[in-house]
There are 2 protein chains.
Amino acid sequence: MASPIPHPEREEIRVEAVLHALADPVRLRIVRELAAHEEGLSCGVLDLGITASTLTHHVRTLREAGVVRVRPRGTSRISTLRRADLDALYPGLLDGVLAARR
Amino acid sequence: MASPIPHPEREEIRVEAVLHALADPVRLRIVRELAAHEEGLSCGVLDLGITASTLTHHVRTLREAGVVRVRPRGTSRISTLRRADLDALYPGLLDGVLAARR
DNA sequence: ATCAAAGTTCGACGGATCTCGTACCATGGG
DNA sequence: CCCATGGTACGAGATCCGTCGAACTTTGAT
């Protein structure tokens, strides 16, 4: 079986990494979509105009920064926003970013 | 006479640029210092462990992103946080970032 | 058992970024 | 006027980052 997908603990999340993860247009778009899908979703269904390998790279960046949690379901990976962790660490940050006009 | 230092209008500020500007350790440090000095300060007085030209680069990045406002005073440049603009555009973002444990 | 679908891994390429040193400019004090 | 101070401009080097294609893995369906 595959080793479980690694995620930083809440205490390990660094603000620079979160900001860097959110600073990319593609990743910000992903975060916006996840914010609108509380139940999580397979990012592959999004029409992002990038290849699968690039998508893997972006989701990994978000996961390693502590922005999203990823869990396997069948052949897919379901991503969810780590809202509770981010709100606890940086109250207002996520809402502020999501409030930005598109 | 020198042309006035250019700054983006509030409407021109892009969230990706703000996040990118904040994602660098040196710049985040500068922003923290400016947050603690409402009246503004000359960033050259900070002991950041970088050269003057690198500091110019970072302050320009912050200014062009719309994070700080820079105005000349004598031979110095006084930087201030654009709190009102950022709070209006992304309510909570700045406070969330500043709330991060150091 | 075979196959298709969804993701991952790896290496590569090009462009952005951070850093510096050197040379330069502007302001204000003597 | 001279010059010290604070900052800028420019170019260069090293590294990082976003992107891709090709090959591979894993899971579930037939």
Side-chain angles (χ1 to χ4, degrees), chain A residues 1-7 14 16-34 37 39-80, chain B residues 1-7 14-31 33-34 37 39-80:
Chain A
M1 72 151 217
S3 60
I5 302 170
H7 292 78
R14 297 165 306 126
E16 290 94 341
V18 171
L19 292 168
H20 171 257
L22 296 177
D24 179 88
V26 173
R27 291 192 292 262
L28 188 52
R29 167 87 186 283
I30 293 172
V31 168
R32 284 193 207 283
E33 297 280 356
L34 293 180
H37 294 267
E39 71 282 7
L41 56 77
S42 167
C43 295
V45 308
L46 302 173
D47 185 16
L48 296 169
I50 57 175
T51 65
S53 58
T54 300
L55 177 59
T56 294
H57 160 69
H58 284 305
V59 173
R60 180 176 51 229
T61 299
L62 288 168
R63 171 177 54 81
E64 290 177 348
V67 176
V68 306
R69 197 174 292 280
V70 183
R71 64 199 175 85
R73 193 177 60 185
T75 70
S76 298
R77 305 300 185 97
I78 305 300
S79 298
T80 52
Chain B
M1 58 132 224
S3 60
I5 302 169
H7 292 79
R14 296 166 306 128
V15 67
E16 290 93 342
V18 171
L19 291 168
H20 172 256
L22 297 176
D24 179 89
V26 173
R27 291 192 292 261
L28 188 52
R29 168 89 186 282
I30 293 172
V31 168
E33 298 280 356
L34 293 180
H37 295 267
E39 71 282 7
L41 54 76
S42 168
C43 295
V45 307
L46 302 173
D47 185 16
L48 297 169
I50 57 176
T51 64
S53 57
T54 299
L55 177 59
T56 293
H57 159 70
H58 284 304
V59 173
R60 181 175 51 228
T61 299
L62 289 168
R63 172 177 53 80
E64 291 177 348
V67 176
V68 306
R69 196 174 293 280
V70 183
R71 65 202 176 85
R73 194 178 59 188
T75 71
S76 298
R77 304 301 183 100
I78 304 300
S79 299
T80 52

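The model shown is predicted, which means the values in this text are computed figures rather than measured ones. Reckoned from all heavy atoms, side chains included, excluding hydrogens, waters and symmetry mates. Residue numbers start from 1 in every chain, and the chains themselves are labelled A, B, ... in the order their sequence lines are given, proteins ahead of strands.
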Is there a side-chain contact between Ile50(A) and His58(A) (heavy atoms, below 4.5 Å)?
-> yes

Comparing nearest nucleotides in DNA chain D, the 5'-proximal residue of the pair Val26(A), Arg73(A) is Val26(A)

When rounded to whole Å, the CD to C1' distance for the pair Glu64(B) and dT17(C) reads 13 Å

Val70(B) and His7(B) have their tightest heavy-atom pair at N-NE2, 2.9 Å

Leu19(B) to Leu22(A) - nearest heavy-atom pair and separation | CD1-O, 3.4 Å

If you draw a 6.0 Å radius around CZ in Arg14(B), do more than 12 non-hydrogen atoms from other residues or ligands fall strictly inside?
-> no

Over all atoms of both residues, closest heavy-atom pair of Val67(A) and Ala21(A) | CG2-CB, 4.2 Å

Rounded off to whole Å, could you give me the CZ-to-C1' distance for the Arg29(B) and dC18(C) pair?
-> 17 Å

Listing for DNA chain C: consecutive Watson-Crick or G-U pair runs of at least 3, distance cutoff 3.5 Å, ranges ordered by first number, gives C:1-30 with D:1-30

Nearest whole angstrom, please: distance from the P of dA16(C) to the CG of Asp24(B).
-> 18 Å

Between atom CG in Leu28(A) and atom C1' in dG18(D), what is the gap in whole Å?
-> 16 Å

Round to a whole Å and report the spacing from CZ of Arg71(B) to P of dT8(D).
-> 15 Å

Using whole Å, report how far CG of Leu22(B) lies from P of dC18(C).
-> 12 Å

Closer than 4.0 Å, any side-chain N/O of Arg27(B) to the OP1 or OP2 of dC18(C)?
-> yes

His20(B) side-chain proximity, nearest of dC20(D), dC20(C), dT17(C) | dT17(C)

Please report, rounded to the nearest Å, how far the P atom of dG7(D) is from the NE2 atom of His58(B).
-> 15 Å

Write down the distance between CD1 (Ile78(A)) and P (dT27(D)), rounded to a whole number of angstrom.
-> 15 Å

Measure across Ile78(A) and Gly40(A) and return the closest heavy-atom pair with its distance rounded to 0.1 Å.
-> CG2-C, 3.9 Å

Determine the minimum heavy-atom distance between Ala65(B) and Ala17(B), stating which atoms define it.
-> CB-O, 3.6 Å

Provide the closest heavy-atom pair for His20(B) versus Arg27(B) in the form atom of the first, atom of the second, distance.
-> O-NH2, 3.3 Å

All N/O pairs under 3.5 Å across the protein-nucleotides 7-10 of chain C interface:
| residue | atom | partner | partner atom | Å |
| --- | --- | --- | --- | --- |
| dG7(C) | OP1 | Ser42(A) | OG | 2.2 |
| dT8(C) | OP2 | Thr56(A) | OG1 | 2.7 |

Within the pair Thr54(B) and dC18(C), is there a side-chain N or O less than 4.0 Å away from OP1 or OP2?
-> no

Please tell me if the side chains of Arg77(A) and Val59(A) come closer than 4.5 Å, counting only heavy atoms from C-beta onward.
-> no

